[in-house]
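Submitted below is the structure of interest, expressed as structure tokens.
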Amino acid sequence: MPYSLLVRHCGQLLSLAGGPTSQPLAGAAMRQWQVITDGYVACEQGRIVAVGPMAELDEGQVTPETQIVEAQGRVVMPGLVECHTHLVFGGNRAAEFQRKLQGESYLDILASGGGILSTVRATRAASDAQLLDNALHHLAGFRRYGITTLEAKTGYGLDAETELRLLQAARLAGAQQPVRVISTFLGAHVPGPEYGGRPAEYLEMLAAEVLPRLNPEEVPFVDIFCEQGAFSVAESRRYLAQAQTLGFGLKIHAEQLHDLGGCEMAAELGAISVDHCDYLTPAAAARIAALTSGRTVAVLLPLVPLFLRQEQYAPGRAFIDVGLPVAISTDFNPGSCPSKNLWLALSVACLKMGLTPYEALAAVTLNAAWAIGQQHECGSLEPGKRADILVLDVPTAEEIPYWLGENPVRTVIIGGEVQTD
Ligand code: NIG
Ligand code: FE
């Protein structure tokens, strides 16, 4: 079959290929993946069918019907995978930003009935149509940053009905535009306002009344916020174990503000990812890497400490050195990161967490795909994967984190379709 799409003359083709296929990139493999100079990517029916140097291009497959994208010596790489967002919510927390600037902490604001709970009020008050509109607006923004697959958590409903509405909004948003949406159930974000002071009862309600109504094929992951003011390690363990029995993959928000041991507990249960990790020690990271044989990914969220005015950033350099696979995400949400700029997160991971540019690029592509179980579909440019491809306005990979805060994306291709806006 002739090629339907050909991206050619890619100055540096960051294939992300060449590492182990049975687990996420870890240690030196995070920076030693394959770069092809003057390369091409060929696609058919939305999938990649060939990748290589221009000298090896099979010209016989290039016909007048083949759509050609001329990269003209620029960097070409896989579409970004955004593996941790709170996509669907009502309202915003700009007023709270002022309180933060005046010195109030994230947990103080939550304890006073604000923070997550204020977004819960705005979300419950929003109509289905408003929630869907908001999600579509944010997905369009993500797409312009070159995000082609995105994980979307619930967590601003905190009652059975609204949490199910949020899942429905994420599902419809995924179906109505090209960015692929993978849903995670985070009903266990904080105890619902009706359950103040009774977190265990709230979790029992979720486990009895909501989880059995979800299909793990449509909502593959269950997540929980393990932190002071949210859920304890013991509560989180019990709930995650219940979710596992029902067939869900596990995720956790842990070690964001304190070192409680949530990441290690979730890794023991076989969590696919442990997220935040700002207070996770290198020793605990080494234990997690050993215990899970490098299968659990630490999802680092560098824009969160920045936005919360926190000095403590996850020691990403040490995590990589002890063999823990690392991914990077924005954590897009109205409270701790209202930014969709994953490129900025990548730069801040280099500046504040000690990642090299190549490691950071692996962390927003292939390892991010592993963190949401999508490694067979996306995250690298390899035959068989979806044709999710970016052409960037830079000539080398090193320049990507250097242009701080800029969006380097020139062309976004999703499932073989060149996006036009
Ligand atoms: O991942 N840490 C908990 N949850 C979100 C923030 C939610 C919010 O403040 O609205 C996070 O940072
Ligand atoms: Fe989060």
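Both counts, for ligands and for their atoms, begin at 1 and track the order of listing. For the single chain, residues carry numbers from 1 onward in sequence order.
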Looking only at protein heavy atoms, identify the closest one to atom 2 (N) of ligand 1 and say how far it is in Å. Q256 OE1, 2.7 Å
Which N, O or S atom name in D331 marks its closest approach to the Fe ion (ligand 2)?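 Result: OD1.
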Closest candidate by heavy atom, reference atom 4 (N) of ligand 1, pool H189, H276, E96: H189
Salt bridge or not between R124 and D159? Use side-chain N to carboxylate O under 4.0 Å.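 The answer is yes: the pair qualifies as a salt bridge.
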Counting non-hydrogen protein atoms only, what is the nearest one to atom 9 (O) of ligand 1? Give residue, atom name and distance.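 Scanning the protein heavy atoms, the shortest distance from atom 9 (O) of ligand 1 goes to Y106 OH, 2.6 Å.
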Does the distance from a Lys or Arg side-chain N to an Asp or Glu carboxylate O, for E204 and R238, drop under 4.0 Å?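 A salt bridge links E204 with R238.
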min-distance N/O/S atom, H84 vs the Fe ion (ligand 2), resolves to NE2
Can you list the atoms of ligand 1 that are under 4.0 Å from a heavy atom of D331? 1 (O), 11 (C), 12 (O)
Which of the atoms of ligand 1 are close to Y156, meaning less than 4.0 Å from one of its heavy atoms?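 Here the atoms of ligand 1 in question are 7 (C), 8 (C), 10 (O).
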Would you please indicate yes or no on a ring centroid separation below 6.0 angstrom for W343 and Y145?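 Here the rings of W343 and Y145 have centres that are no less than 6.0 Å from each other.
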Those atoms of ligand 1 less than 4.0 Å from some heavy atom in S336: 6 (C), 9 (O), 11 (C), 12 (O)
If you measure from the Lys or Arg side-chain nitrogens to the Asp or Glu carboxylate oxygens, is any gap between R99 and D108 under 4.0 Å?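 Judged by the 4.0 Å cut-off on N to carboxylate O distance, R99 and D108 do not form a salt bridge.
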Taking 2.8 Å as the cut-off, does H276 contribute an N, O or S atom near the Fe ion (ligand 2), distance below it?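 Looking at H276, which is the residue asked about, there is no N, O or S atom under 2.8 Å from the Fe ion (ligand 2).
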Is the closest basic N to carboxylate O distance between R165 and E163 below 4.0 Å?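 No, this pair does not count.
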Salt-bridge contact E377-K385 (side-chain N to carboxylate O under 4.0 Å):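 Looking at K385 together with E377, the answer is no, because their closest N to O distance does not fall below 4.0 Å.
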Determine whether any heavy atom of N333 lies closer than 4.0 Å to an atom of ligand 1.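 Distance cut 4.0 Å: N333 passes for ligand 1.
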Geometric class of the F89/F332 ring pair [parallel <30°, tilted 30-60°, perpendicular >60°]: tilted
Could you check whether the rings of H189 and H86 sit parallel, tilted or perpendicular, using 30° and 60° as the cut-offs?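 Taking H86 first and then H189, their aromatic rings lie parallel (interplane angle under 30°).
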Would you mind telling me if ligand 1 is within reach of the side chain of H86, the backbone, both or neither, using heavy atoms under 4.0 Å? side chain
